[in-house]
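Notes follow once the structure below has been shown.
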Amino acid sequence: MITTKTEESNLTKKDFVTTNDVRWCPGCGDYAILNAVQRTMPELGIAKEKFVIVSGIGCSSRFPYYMNTYGFHTIHGRAPAVATGVKVANPELSVWLITGDGDGLSIGGNHLLHLLRRNLDINVLLFNNQIYGLTKGQYSPTSEVGKKTKSTPSGSVDYPVNPILFALGAEATFVARTVDSDQKHMIETFKAAQAHKGTSFVEVLQNCVIFNNKTFDPITNRENKVDQLLYLQEGKSLVFGQNSDKGIRLNGLDVEIVESTKGTNGSELLIHQPRNSNPAYATLLSQMTYPNFPTPMGIFRQLEGKETYEDSIVEQIETSQKNGEGSLQELLTGKNSWLVED
Amino acid sequence: MITTKTEESNLTKKDFVTTNDVRWCPGCGDYAILNAVQRTMPELGIAKEKFVIVSGIGCSSRFPYYMNTYGFHTIHGRAPAVATGVKVANPELSVWLITGDGDGLSIGGNHLLHLLRRNLDINVLLFNNQIYGLTKGQYSPTSEVGKKTKSTPSGSVDYPVNPILFALGAEATFVARTVDSDQKHMIETFKAAQAHKGTSFVEVLQNCVIFNNKTFDPITNRENKVDQLLYLQEGKSLVFGQNSDKGIRLNGLDVEIVESTKGTNGSELLIHQPRNSNPAYATLLSQMTYPNFPTPMGIFRQLEGKETYEDSIVEQIETSQKNGEGSLQELLTGKNSWLVED
Amino acid sequence: MKTSADLFEEIESAVVRFAGDSGDGMQTIGERFTDSSAFAGNDIATLPDYPAEIRAPAGTLAGVSGFQLQFGNRRILTPGDQPDALVAMNPAALKANIADLPEGGMLVINVDSFKKMNLSKAGYSSNPLEDIDFRKKYHLIELDLTSLTKEALSDTALKPSEKVRCKNFFALGFMYFVYGRPLEPTLKFFKEKWAKCMPQLAEANSIVLKAGYHLGDTMETARNRYQISKAPVKSGLYRKISGNEAMVYGLVAAASRAKRNLLYAGYPITPASPILEGLSVLKKHGVKTLQAEDEISAMGMALGASFAGDLAVVATSGPGMCLKSEFIGLASITELPVVIVDVQRGGPSTGLPTKTEQSDLLQSLYSRHGDCPLPVIAAHSPSDCFDCALEAVRLALTYMTPVILLSDLYIANGSEPWKIPNVCEIPEIENSFADTEEEFVVYRRNPETLARKQAIPGQIGLEHRIGGLEKDEDGEVSYDPENHEKMTQLRASKINGISKSLPSINLEGPCHGDLLVIGWGGTYGAICSAIKNMREEGFSISSLHLRHLNPFPKDLEKVMNGFDKIIVPELNLGQLSTVLQSTFSKKVISYSKIQGKPFKVSELKEEFLKHLP
Amino acid sequence: MKTSADLFEEIESAVVRFAGDSGDGMQTIGERFTDSSAFAGNDIATLPDYPAEIRAPAGTLAGVSGFQLQFGNRRILTPGDQPDALVAMNPAALKANIADLPEGGMLVINVDSFKKMNLSKAGYSSNPLEDIDFRKKYHLIELDLTSLTKEALSDTALKPSEKVRCKNFFALGFMYFVYGRPLEPTLKFFKEKWAKCMPQLAEANSIVLKAGYHLGDTMETARNRYQISKAPVKSGLYRKISGNEAMVYGLVAAASRAKRNLLYAGYPITPASPILEGLSVLKKHGVKTLQAEDEISAMGMALGASFAGDLAVVATSGPGMCLKSEFIGLASITELPVVIVDVQRGGPSTGLPTKTEQSDLLQSLYSRHGDCPLPVIAAHSPSDCFDCALEAVRLALTYMTPVILLSDLYIANGSEPWKIPNVCEIPEIENSFADTEEEFVVYRRNPETLARKQAIPGQIGLEHRIGGLEKDEDGEVSYDPENHEKMTQLRASKINGISKSLPSINLEGPCHGDLLVIGWGGTYGAICSAIKNMREEGFSISSLHLRHLNPFPKDLEKVMNGFDKIIVPELNLGQLSTVLQSTFSKKVISYSKIQGKPFKVSELKEEFLKHLP
Ligand SMILES: Cc1ncc(C[n+]2csc(CCOP(=O)(O)OP(=O)(O)O)c2C)c(N)n1
Ligand SMILES: Cc1ncc(C[n+]2csc(CCOP(=O)(O)OP(=O)(O)O)c2C)c(N)n1
Ligand code: SF4
Ligand code: SF4
Ligand SMILES: [Mg+2]
Ligand SMILES: [Mg+2]
């Protein structure tokens, strides 16, 4: 592999910006995510030429065109396969997969499932705008039931996929959620995703101003967010609200809201334990949804120590080569050859 | 739809047997499952002509050829799509989907995911033999890590899919497990699956005598099964072992084994609650795997009351037709026509 | 001052193009102008043209959206080679379109958008409006649309930004004046669309539209006014229809005439999504629409529904066609009826998703593994999609086979007037259903059509199994060598036999001559126009347009033999040429255009001339 | 008593077929017989033939598995039209195969399996062995294999059921005697396979094999013994190789000669799985094999690996080819090298998964939407898969394009002796890599090949983006009409230009004559044999076998023009005929066989005769 190091330390956001016009609608949440990624990458200590961005098809999947890195805008739903090929071919690359709720969970659900279970060291950012943007506004598999869209004028009838629960079902080793309106939290989450060895799945709530404007407003707008967002912090109890006056505790095998955390001293509240190897804890968090619960933001689950797919493959090859590489001539000759003499 | 009722009550197993030679390997677990299905169907109170069996490709997917019902042996991995079409076209049919671990969880994972989340009233039997039978023994997505097969001579490196957890991740409303060696339990489980309104997902542990013989032996053989299988019964505590002397209790958000249930009087043991709407409970059960835990058998989760996809579709049509069907002539004419006179 | 009526110049037809930013509402006013012209009794053809991005950055070339239409008092077959009048809402729209406007053409400009930033976004280093040569070259009309619109709305309560957004209707009103179009259909449209939920908007747009019209009336520069009399069409009730709409109606009509329930399974994709969307509002007509997780699944759902007795239909575009091929093979071997609509767009791969092309013909014929022939037909104009939908359903149900129906972006989005058919006059479509009274042998064939009979789950006593493995007549899996050969031949004969049911070829022109033009699909209008012109000019040229691409009509070879040369114009690298040559071992001349745009009449004439003696 | 040596009859070649139940080990003894014959210096060709079920019910026709081979002292090109000797292990095997045995042929029967139940399972109402006419018709040898085997093993500690399972080697030993084959290779095989883990088994099989051999020696009925001298082949080191093995080795060799790492992504499917399996044991050679979740994913993984600089390969069969087409389109427009092997089997749909066919040619050429041409080549024999793998890699890397390499079940599973190449003599394969010292323009082309250059992620300063949208030379997305036309033409010219690099056609026979036979793929052996025969008989007939199916060799048209008639025999409905006719607008005669079986030499001769004056 032809890799040489550039001086990584001097990188700035500018290095990751292309001269191309960005062609999203004015006001689209994708701009903010692009910005956050461009601000994250220079800080990772990785040489610029090591980044590869792979995407499928959708508004979100135009992402690689706007990043001055190696990039591959592939076909609808299949980016996980391409990203897998890139990473296995060269495990030294930092591979980022950009997908949408349609791309990643409708047509591409299976590839995502298998990527997650194989645990390649790839960062997956799923831009969830709960709609098909690029095809002009049909409902997506994350749209709420009853959603009226171009293709469902009487309201959609299928139950949405919960991206977090889906990822847990695939036994993903890193599962997180962030939102386009919070630069700081996005950057923090993306850094954690890159730091994690194994597949990092990040759901990014993203606003589509044209076809699904303000879907996340009830939880993300200035007024509501203190009560509607719960920021997860490892080892800290699950609290939210003005002055952290509300919390989450266990009730049997379900969760409930404690209205005042004052008296309890927090002791009966659930402690955030993203490294709990049993997915039941993260499953509980995945069920906290608007309007009954605050929406958890941050890292739901983070399990270190599971070997990655690409490392295992390399290891098998290294093991079998420990006494030297195979000779091609010997291989062709095989064990049952015979000589024909003149 | 051209449906008339036959006398359903007189049906026997024989009515469901075809004259075709059954072409599985002698000793294959598929025979036992076929037998169980043929014994289940006559007892469901459903007319024979209402049964439709849809399958993909694989040894298991040859199933419809051996059932004297309507049947469709489709293509690899895509049976859920076909079954969906059948059911939406005619919700009165009893649709059974037969798939394998490769068919359903490798190539067909996405369709299965979407079938489950849409909650069509279809019964899915996934024959899990942890191997690709029909293609002669490559590892499958349910094979354990390190599995040596034709395609993985140094051992497989990907982490298996846990079919139960996968189904929970898709928010399936009925999730169960049974095993080819237990006729009674299979029949019971299949009946419950048919009784459930919504998609019923049943994992059937199945022995492939040729390519993966005795994989389930450690948990299913005569000697081990008392200690290795835990039969789930709603409202009863989770006990297993000779004389039910062992049980499962909660430890934080994880489960552990209680070695003797005598003293505890069972009170601290987990009570089986398949109707708990929070998937965390069923998730806990899904993590109980050999060799650390007994393998749960039976219904993990059963949520009633979620409308099915096909019913919602029919309902929308009925609602819009409550003042009569649309006139085709009016439709063609539209609202902006103009008359050209001679 | 002369009255405006004095200035009317009577013309036969005109071509108008609206161009602006994706957010400027160009498609909307194009549609309105079309409706208004239809209402005025003209014949019309339209060509919407927009970028692949939903809303590329305002003011850039990438964001330019256009809509061209031709209307006239004679049969209008194409949206026109070049505009007579161009409305450009900003510098980018001007830049992207000006090359098409002939000298002396009318150029209506929204001058307030010609500010420095917009000019530079469009790549202009100086303002073209300040260039004297440029000003002289066209019949330039500069309107300060933003201010004019604001002024017209000064009395309303709309926010300033909302007011500005009405400016497209100002431009439209102005063009209505120029071409003497009636305002009523548009005013009615405002009412229907907004009167209930946003009455203010309905009101404001009405004011602006009228203001634009009146400005024309008072303005000195608007000296040309054109009058176009009604087109001499057959009497009857008409409506405007786009290709995708006609497809929707055709499918619903076919289901009704076949007495089957219509089940449509689709996955959104440009330019086929409007078929899914159009059918999804027809619940009153019993239509079931399923939005599948992908095109594979959509095809599978359709096949399942077909097995269960519904009329099953899918529609997609190229990338989706790739995904359906395995299931199409299954449909072919199980001999289940299903209609697969492919609304073609520019390829390969994601290609040019919002541009037209005819490049999926070979794929339609050959995308499956194994020998797997099936009928392929193509619609040639927006309204023809209706007839083709009926024909596709007829083939599917009569012959128990999947059928591919090709449309393309140009006809799907374009529109034309359509004489509304009388439902009772649409022929019934026969099914090949099994008889409960007779022995049912799954693959026993109708000796005439070679179609098998279909038994529907739920029917007593007709239980049977089908699948993708080769089978004998009984439906039992069979690996017998002779049986496989026989079945393969039978399936092929069945499809070939369809040609017996096809009407004989309708030639445009005499059946002998120097040059025969063979076309298919959306190039119909341009080819016909060119041929008519050239025949009037005395050339020995004829044309035929193929609806059936597999099998071909039985008299095609004979017709071809009547000409010295054959030319096949296509918006691809020569796909029909390939098929004709392989079928008849006869050389044809291929004329290709692969620019994501329809043929111009002038291009075709020029090319045809080259091959005439 | 005469000594057996006296009885040797010298013959040129012989065809032997073993037939039995799927569990009887017929493939194993077929392979052993082949090895032994190769060791004896004969040329050989083999034809394994087994059912789609893993193990259909014992004793039924559905469960019969067969293995036929031809070996001789001359060039052996096919496994033979019909067996000279048939070994039938049970009534079903007899029933399924007896029609192929000519009168007087040797028929070896395992009599203990001719019990009532087995006879009726096979559909015999009476025992054919009791029919006098039947007995007279063949040279019948009845062996009581079960008892004989048990007897031979009476001294060993194996369980009775294990003993019985060795009976296939008894039959093999017997046939070794008949054809004077050496025992050593098989005894060595036992040792290698079982000596470590199951020494008892190795021992038992050796005993049984020898017992079978000795029985022949002592038995009166085994009066015929044949002797076949060595085939006059070039000197050198040889081995036996199957098509799938040769494919594996060819890919590994190509990667080595191109200095790229080999990454193979696959999803199991008959008959391509052995390529995945064969490569997965070559970790020592640095080969990475990924078992993907489906064929779409396998293709995507390969494309990703190609982007990252590996030599990326996939292999599948028809149903998998359907699933890959969308990604192949992406590979074409992004101009990334990747080799796609299609091991064809009987179609359409699941079809006849364990039978051979050549019916994916049109799919290979046209399965993608849009204009999307790519190189297609086909291997014509087991060992030719090695050369074709090298050629496919050369095309992919030199021209930066996906390449489809067609194999088929017959050559994939069949085997023949192969002269082992000297690695150093395999030419190097050049890459079209970007130069870090030069400006990198993504789609700037080598003027010779029209290939673009490839920059690999990780290379400093060559960052760039590729994708499925149409783009200009810089790689920027472009919706410009002229650019799309230019790019489409360029991509097509690049592929067409490959013909410049192809060697001229190698005709079997003179370049003028009455009849030219054009073949492709696995029909090579049968066609060559037929042509050689007929030329010896004095007919004016020649043949050529196409490796390159797109583009064709540049001199093909000229060669075709040298003959009065052209016939194209194919195991499909006439796919190459279709392509030849469309390319050259020249009528060819199509001769089809669609029975899941290769051509017989006799069938071909008979057909060719019909078209000769
Ligand atoms: C095979 C295929 N099917 C359908 C499409 C059309 N298509 C393009 S993007 C898209 C969905 C976009 O939704 P999402 O992934 O949520 O991305 P967003 O645009 O919302 O960011 C679809 C259906 C396609 N390009 N290819
Ligand atoms: C598109 C496609 N890819 C691959 C195959 C080959 N194939 C047939 S069955 C099968 C897997 C079978 O495994 P599983 O689903 O577990 O069924 P089992 O045979 O074990 O019952 C595969 C890969 C195919 N038929 N079609
Ligand atoms: S359509 Fe929605 S998601 Fe797409 S660019 Fe516009 S705002 Fe963003
Ligand atoms: S291969 Fe395995 S799964 Fe298939 S029929 Fe045989 S025993 Fe059953
Ligand atoms: Mg989206
Ligand atoms: Mg399996």
Side-chain angles (χ1 to χ4, degrees), chain A residues 1-6 18 20 47-54 57 64-65 67-75 78-90 92-93 110-111 113-114 313 316-317 319-321 324-326 328-329 331-342, chain D residues 35 38-39 41 185 192 233-240 249 252-253 256 261 263 265 282-286 288 290 292-294 296-310 312 326-327 330 420-423 456-469 476-477:
Chain A
M1 201 40 41
I2 328 128
T3 39
T4 341
K5 272 209 166 168
T6 47
T18 56
N20 292 15
K48 186 162 87 91
E49 67 275 10
K50 294 278 178 82
F51 287 103
V52 179
I53 305 187
V54 180
I57 298 284
Y65 289 122
M67 291 290 304
N68 189 10
T69 61
Y70 286 95
F72 201 164
H73 177 231
T74 70
I75 54 175
R78 319 297 176 185
V82 175
T84 298
V86 170
K87 187 72 185 177
V88 175
N90 185 359
E92 280 180 38
L93 300 170
N110 201 38
H111 307 300
L113 167 75
H114 288 276
I313 287 177
Q316 288 193 343
I317 289 179
T319 307
S320 78
Q321 292 185 334
E325 277 185 36
L328 178 58
Q329 190 66 61
L331 176 69
L332 301 190
T333 306
K335 288 187 190 152
N336 285 303
S337 60
W338 66 91
L339 194 66
V340 174
E341 279 159 290
D342 290 303
Chain D
D35 271 4
F39 186 84
E192 275 167 13
V233 290
K234 272 208 215 136
S235 65
L237 199 60
Y238 281 77
R239 65 177 288 175
K240 191 193 63 166
Y249 296 146
V252 177
S256 154
N261 294 320
L263 183 145
L282 301 182
K283 303 215 169 7
K284 221 178 152 63
H285 296 265
K288 293 178 179 173
L290 314 186
E293 60 272 25
D294 65 9
I296 299 178
S297 174
M299 187 67 208
M301 289 175 175
L303 216 53
S306 174
F307 181 57
D310 275 4
E326 192 189 1
F327 254 132
L330 180 66
I420 298 159
N422 190 326
V423 168
I456 311 292
Q459 284 187 297
I460 298 176
L462 303 186
E463 289 87 353
H464 66 284
R465 275 71 48 199
I466 58 173
L469 287 162
E476 302 296 324
V477 172

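Residue numbers begin at 1 in each chain, while the letters A, B, ... track the order of the sequences. Quantities reported herein were computed from a predicted structural model and do not represent experimental measurements.
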Exercise for the section: Could you tell me whether the side chain of Lys284(D) reaches within less than 4.5 Å of the side chain of Leu331(A), counting heavy atoms only? Expected result: no
Problem - Portion of Glu476(D) that has a non-hydrogen atom of chain A nearer than 4.5 angstrom - result: side chain
Practice task
Name the region of Leu263(D), side chain, backbone, both or neither, that has any atom closer than 4.5 Å to a heavy atom of chain A.
Solution key: side chain
Problem - Residue Pro421(D) versus chain A: region with a heavy atom under 4.5 Å - result: both
Practice task
Describe, in one word, how the ring planes of Phe72(A) and Phe307(D) are oriented to each other, choosing from parallel (under 30°), tilted (30 to 60°) and perpendicular (over 60°).
Solution key: tilted
Problem - When Val477(D), Leu303(D), Ile420(D) are compared by non-hydrogen pairs under 4.5 Å with chain A, the top option - result: Ile420(D)
Problem - Side chain / backbone / both / neither for Leu462(D) at chain A, heavy atoms under 4.5 Å - result: both
Handout entry: Proximal component of Ala38(D), with respect to chain A [non-hydrogen, under 4.5 Å]
Key = both
Practice task
Go through the atoms of Ala253(D) and report whether side chain, backbone, both or neither lie under 4.5 Å from a heavy atom of chain A.
Solution key: both
Practice task
Measure from the side-chain N and O atoms of Glu463(D) to the backbone N and O of Lys50(A), and report whether any donor-acceptor pair falls under 3.5 Å.
Solution key: no
Exercise for the section: Go through the atoms of Asn422(D) and report whether side chain, backbone, both or neither lie under 4.5 Å from a heavy atom of chain A. Expected result: both
Exercise for the section: Using non-hydrogen atoms and a 4.5 Å limit, figure out which bit of Leu330(D) sits close to chain A: side chain, backbone, both or neither. Expected result: side chain
Fill in the blank from the handout: If you tally heavy-atom pairs under 4.5 Å between each of Gly286(D), Gly41(D), Ser256(D), Ala312(D) and chain A, the highest tally belongs to Gly286(D)
Problem - Stepwise side-chain contact (heavy atoms from CB on, under 4.5 Å) test for Thr319(A) and Lys283(D) - result: CA-CA 9 Å; Thr319(A) 307; Lys283(D) 303 215 169 7; over 6 Å; no
